[in-house]
Amino acid sequence: MIEALTYSLSRAAGISREEIRDLFNKLKLKISPTPSPELGDYGVALHYILHRKKLPRDEWSVFGRGVVEALMTSDYRDRCYIVKAEFTNGYLNIWIDYSRIFRDYADYVLTGRLFEELKSRGRGRRVVVEHTSANPIHPLHVGSGRNTVIGSTFANLLRKLGYDVREHFYVDDMGRQVAVLVYGVSLLSRNGVEPSPDRKIDHWYGIVYALTNILIEKGKLEKKLVEEAARIHDVISDAAEKLLGLYEVNGLAPIYELHVSFKNASWKKRYIHDLYQIIRKLDRLLAKTLKRLSDEESKDLMEIADWFRRETSGFLEDYREYMEYVEAENRLRILEPSVYGVLSEEIIDPLIAEEAIGELMRKYEEEDPIVSELFRKTASDVLEGFRETLGRIGVVFDEYDWESSREIRGLTRHVLERALSTPYVVLEDNAVILDLDKAAREDDYVRKLFGGEEPGRFVLRRSDGTTLYGTRDVAYSIYKFEKLGAEKVYNVIAHEQAREQKQVKAALHLLGYHEYAEKLVHLDYEMVNLKGFSMSSRRGRIYTLDELIDDYVEVVVRDYLENKIRGVGGLKYRIENIEEFQSTAEKLAVANTRALLLSIDPRKTLAFDPSKLQEHLEGSWILYTYVRLQSILRKHYGYEPLEHLEEIGRDLIDKLSSIKEVFLEKSEKELLESLLGYQETLLTVEESLETNKLLEKAMDICMKANKFYEELPVLSEKDRDKRIIRLILVALTMIILKELLEIMKLPKLKVV
RNA sequence: GGGCCCGUAGCCUAGCCAGGAUAGGGCGCCGGCCUUCUAAGCCGGAGACCCGGGGUUCGAAUCCCCGCGGGCCCGCCA
């Protein structure tokens, strides 16, 4: 196409073909779809050339005619499916022969060549996609859900592109958070409290984790506040003195008033709760007095006020945080009274708890058999809950890789050894640190990796000899390449860990694993924000993936029934088969869940209001379109179209060959156009990692399909050729949509 | 404080990297369409000085500079 335009432009403009080709390469000239069909199908803006030639506006049309003539008389015309060309307002617009494109594409898809071609891209090369990898301490929440959906979708995309994909879940069982949970669990089991059968297992552990954490953190803050309280008393006394001093200087009565208030406040010993109220009261009084005084008069007082605020702000902040824990505690204790009973009894001194947790971590790292058993059992239990949830949304991992496994431990030691022989290693009181700042100054790869960011120091071993998450992550990366045989690794990990991921890459590179570093890709995604609900896993406030799916089931059922009641059935609308109805509702709920979590660019924050799920029904919408397409084919052929795809393909190719002239209506052209973009979408997403584009493609196809469906009859079309063309279009759409559903793991529905 | 990302109708979002003709969608709102392949649909309408200000260009939502507003990261945490 570009050649065709190069040829004709060069003829008409008298510029060499090389130069024109160069303009195309530099994208000074670009072929793009026209804004409206009256202007043709594609167009090129020629203003650049027009200005270069300094053509006055009234000579444009002469030039344009020249270009059009050159194009239409050349033999490129036929090869590029061009049927017509026109010059308007400095644009060269081209009409395409959809008839031939339609024939070629139908054949391409129905014979399966399209899919073979896509498969040839990966050529069976092994790729590892690590995703989800949530800490096994509480149920998966919507944030983990986003990770899962993005990860599994990307993995499926790579499968369609012919890669040998392995989906792995990395179990972070060696971190502090799991140790906190294990500590809570051990206290409970010592007192005879075991997981409740009435609650999904990961949800039960989630409460245990949150309560354990809350009781410890609350205790710490309480201690801190009590200690602070003494200092705050001094601050208030000092303030009282300062105010008195100030009054003696300037003699302003309101200052004396203030002094009395402060003096009063400093007398009695206060509990932290009163103290909070008192500070706020004094603060208000200060503000009030400042307002009464003129700028000149308030200058000195302002200084005292600022000082007072500075001195007390830490206390206020801590107190607020403390209250949040108290609130969280109250919320959770009602849910599992027996758990709360034991934990609140046992966790008295946060320091003792901390000590015990540290001890657990050390023992686990040393592979103490009893402690190891406890960690394994706890994490496995929670993972059991994960598996159930993941199964609901169609995700099954090939493997769960434990951070504590022998392989990772072994490789972690190897990483440390190897690090010692790199030029960027720093030893500080027995700690092993990679100086990435220095590396960035001397090593091109590391510098480019971090760009403007500060690489920082990457600690591989603490002074006490234990390793860190990052160290084990480096080891795990080597594991993926070496043991799993990956040629490329994608880590679906939240954006907040972008720096750590870069450090891992840098470490791999510096350790001599240049290739691994290159082939480790961080597929990063941003957080999920809920409106009117701030999630805090440390305080046990999470909107779980299970809840999201359940909420969707409710929305979907309500939506469907309300529609039936309004329409044919009235209040007496009868559900034919309850079981089937439930299964359909579940499928739709899953489709909506996945679609919601996939709907926007992973790199942008996904925000939605859990109470307004009925506004996010993209999943239902796609499935419904898919159902309609099937039902047309089912009616025509008399059997399940999905079970006879090859047969239908052969039949349609055969029928297509008997058609002389293919004429497409507007809505048919648009649908075809959208389908044509399928291949490009897949390849783009592989590169850009924007998994949301897959959903967008599916939605675009559905939109065009719905319009086509509404506008043109298929089965009842009298003209045989038109009927066949439309049947083919329906089949093509169904097939492409099926592929997209498989990639996004939206459940497939036959009927509703 | 330093770095990265983001800012498009009441709300959410596409387009931005590779500048082009009327800024696409969705939710919500208003009005139409179920005896015709399943109305979870379709059609029509109202609603946007593309955060502000400069610059580059024949042409800027898009590129550059300066602001403003929001998020994230800067641990011997994970």
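Proteins get letters first, then strands, A, B, ... in listed order; numbering begins at 1 in each.
- The aromatic ring of A:Y91 does not sit over the base of B:G20, since the test of centres under 5.5 Å and planes under 30° is not met.
- A:Y42 and A:N93 share no donor-acceptor pair across their side chains, judged by distance under 3.5 Å alone.
- A heavy-atom distance below 4.0 Å to RNA chain B is reached by these residues of residues 453-471 of chain A, ordered by number: A:E453, A:V459, A:R462, A:S463, A:L468, A:Y469.
- Among the heavy atoms of the strands, none lies under 4.0 Å from A:D700.
- As judged by a 4.0 angstrom heavy-atom cut-off over every strand, A:A431 is placed among the base-contacting residues.
- Nucleic acid contact class of A:Y48 (heavy atoms, under 4.0 Å, all strands): base.
- Between A:L617 and A:L46, the one whose closest nucleotide on RNA chain B sits nearer the 5' end is A:L46.
- Nucleotide B:C6 holds its P atom 11 Å from the CG atom of A:D524, rounded to whole Å.
- Between A:K604 and B:A14 there is a side-chain polar atom (N or O) within less than 4.0 angstrom of OP1 or OP2.
- Taking atom CD1 of A:I728 as the reference point, atom P of B:C37 lies 22 Å away to the nearest angstrom.
- When rounded to the nearest whole Å, the span between CD1 of A:I632 and P of B:U36 equals 15 Å.
- Remark: B:C27 base-pairs with B:G10. Criterion, Watson-Crick or G-U wobble with two distances under 3.5 Å.
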Pairs of donor and acceptor atoms involving the side chains of residues 170-179 of chain A, under 3.5 Å and at least two apart or interchain, shall be tabulated with distances.
from   : atom 1 : to     : atom 2 : distance (Å)
A:D173 : OD1    : A:S404 : N      : 3.2
A:D173 : OD2    : A:Y364 : OH     : 2.6
A:D173 : OD2    : A:S404 : OG     : 2.5
A:R176 : NH1    : A:E354 : OE1    : 2.8
A:Q177 : OE1    : A:N135 : ND2    : 2.5
A:Q177 : NE2    : A:Y209 : OH     : 3.2

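- More than 12 heavy atoms of other residues, nucleotides or ligands lie within 6.0 Å of CD in A:E359, so this atom counts as buried by the packing criterion.
- Considering only the side chain of A:R628, B:A39 comes nearest among B:C37, B:A39, B:G28.
- Rounded to an integer number of Å, the gap from A:E354 CD to B:C77 C1' is 12 Å.
- Pair assignment for B:C42 gives B:G32, based on Watson-Crick or G-U wobble hydrogen-bonding distances that are each under 3.5 Å.
- Classification of the A:F169-A:F386 ring pair by plane angle, with boundaries at 30° and 60°, yields tilted.
- With a 3.5 Å ceiling on both atom-pair distances, B:C49 lacks any Watson-Crick or G-U wobble partner.
- Atom CD of A:E665 sits in a crowded spot, with more than 12 heavy atoms from other residues, nucleotides or ligands closer than 6.0 Å.
- Within 4.0 Å of A:L727, counting heavy atoms only, lies no atom of the nucleic acid at all.
- Look at B:A21: it lacks any Watson-Crick or wobble partner with both distances under 3.5 angstrom.
- A close approach under 4.0 Å does occur between a side-chain nitrogen or oxygen of A:Y709 and OP1 or OP2 of B:A39.
- Nearest-nucleotide positions on RNA chain B place A:V714 closer to the 5' end than the other of A:H51 and A:V714.
- Across all strands shown, A:E710 has heavy atoms under 4.0 Å from base atoms, whether or not it also approaches the sugar-phosphate.
- Within 4.0 Å (heavy atoms only), A:L623 reaches no atom of the nucleic acid at all.
- Residues A:N706 and A:E710 bring no donor and acceptor atom of their side chains to less than 3.5 Å of each other.
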Tell me which donor-acceptor pairs under 3.5 Å the side chains of residues 427-441 of chain A have, and how far apart each pair is, sequence neighbours excluded?
from   : atom 1 : to     : atom 2 : distance (Å)
A:E428 : OE1    : A:R457 : NH2    : 3.2
A:E428 : OE2    : A:R457 : NH1    : 3.3
A:E428 : OE2    : A:R457 : NH2    : 3.4
A:N430 : OD1    : A:R461 : NH2    : 3.0
A:N430 : ND2    : A:S463 : O      : 3.2
A:D435 : OD1    : A:D437 : N      : 3.2
A:D435 : OD1    : A:K438 : N      : 3.2
A:D437 : OD1    : A:G456 : N      : 3.0

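- Residue A:E711 is classed as having no contact, given no heavy-atom separation below 4.0 Å to the nucleic acid.
- Rounded to whole Å, atom P of B:G75 lies 12 Å from atom CD1 of A:I433.
- Looking at residues two or more places apart in sequence or on another chain, you find no salt bridge (charged side-chain N to carboxylate O under 4.0 Å, His left out) involving A:R413.
- A:F608 comes within 4.0 angstrom of no nucleic acid atom, judged by non-hydrogen atoms across all strands.
- The pair A:D651-A:K655 meets the salt-bridge criterion, since a charged nitrogen lies less than 4.0 angstrom from a carboxylate oxygen.
- Proximity of residues 691-699 of chain A to RNA chain B (heavy atom under 4.0 angstrom from any strand atom) is restricted to A:K693, A:E696.
- Summarising the geometry, the separation between CD on A:E526 and P on B:C4 is reported as 16 Å, rounded to the nearest angstrom.
- The shortest distance between the side-chain N/O atoms of A:K612 and the OP1/OP2 oxygens of B:C27 is not below 4.0 Å.
- The base of B:A78 is not paired with the side chain of A:D173 by any donor and acceptor separated by under 3.5 Å.
- Within the nucleic acid shown, A:E428 comes within 4.0 Å of at least one base atom, counting heavy atoms only.
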Please determine whether ring pair (Phe, Tyr, Trp, His ring centres under 6.0 Å) holds for the pair A:H47 and A:Y91, giving the CA-CA distance in whole Å, both sets of side-chain angles, and the decisive distance to 0.1 Å. CA-CA 8 Å; A:H47 306 82; A:Y91 293 88; 4.8 Å; yes
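- In this structure A:T684 satisfies the side-chain contact (heavy atoms from CB on, under 4.5 Å) test together with A:E680, A:S688, sequence neighbours excluded.
- An OP1 or OP2 oxygen of B:C42 is reached within less than 4.0 angstrom by a side-chain nitrogen or oxygen of A:N706.
- Side-chain proximity of A:R472 to the nucleotides B:A14, B:G26, B:A78 is greatest for B:A78.
- With a cut-off of 3.5 Å on both Watson-Crick or G-U wobble distances, the partner of B:G1 is given as B:C74.
- An anti base is found at B:C30: its glycosidic angle is more than 90° from 0.
- An OP1 or OP2 oxygen of B:G3 is reached within less than 4.0 angstrom by no side-chain nitrogen or oxygen of A:R499.
- Ring geometry for A:Y639 against A:Y637 counts as parallel: the plane angle stays under 30°, on a 0 to 90° scale with 60° as the upper cut.
- A:V556 comes within 4.0 angstrom of a nucleotide base, judged by non-hydrogen atoms across all strands.
- Note: NZ (A:K704) to P (B:G24) measures 13 Å, nearest angstrom.
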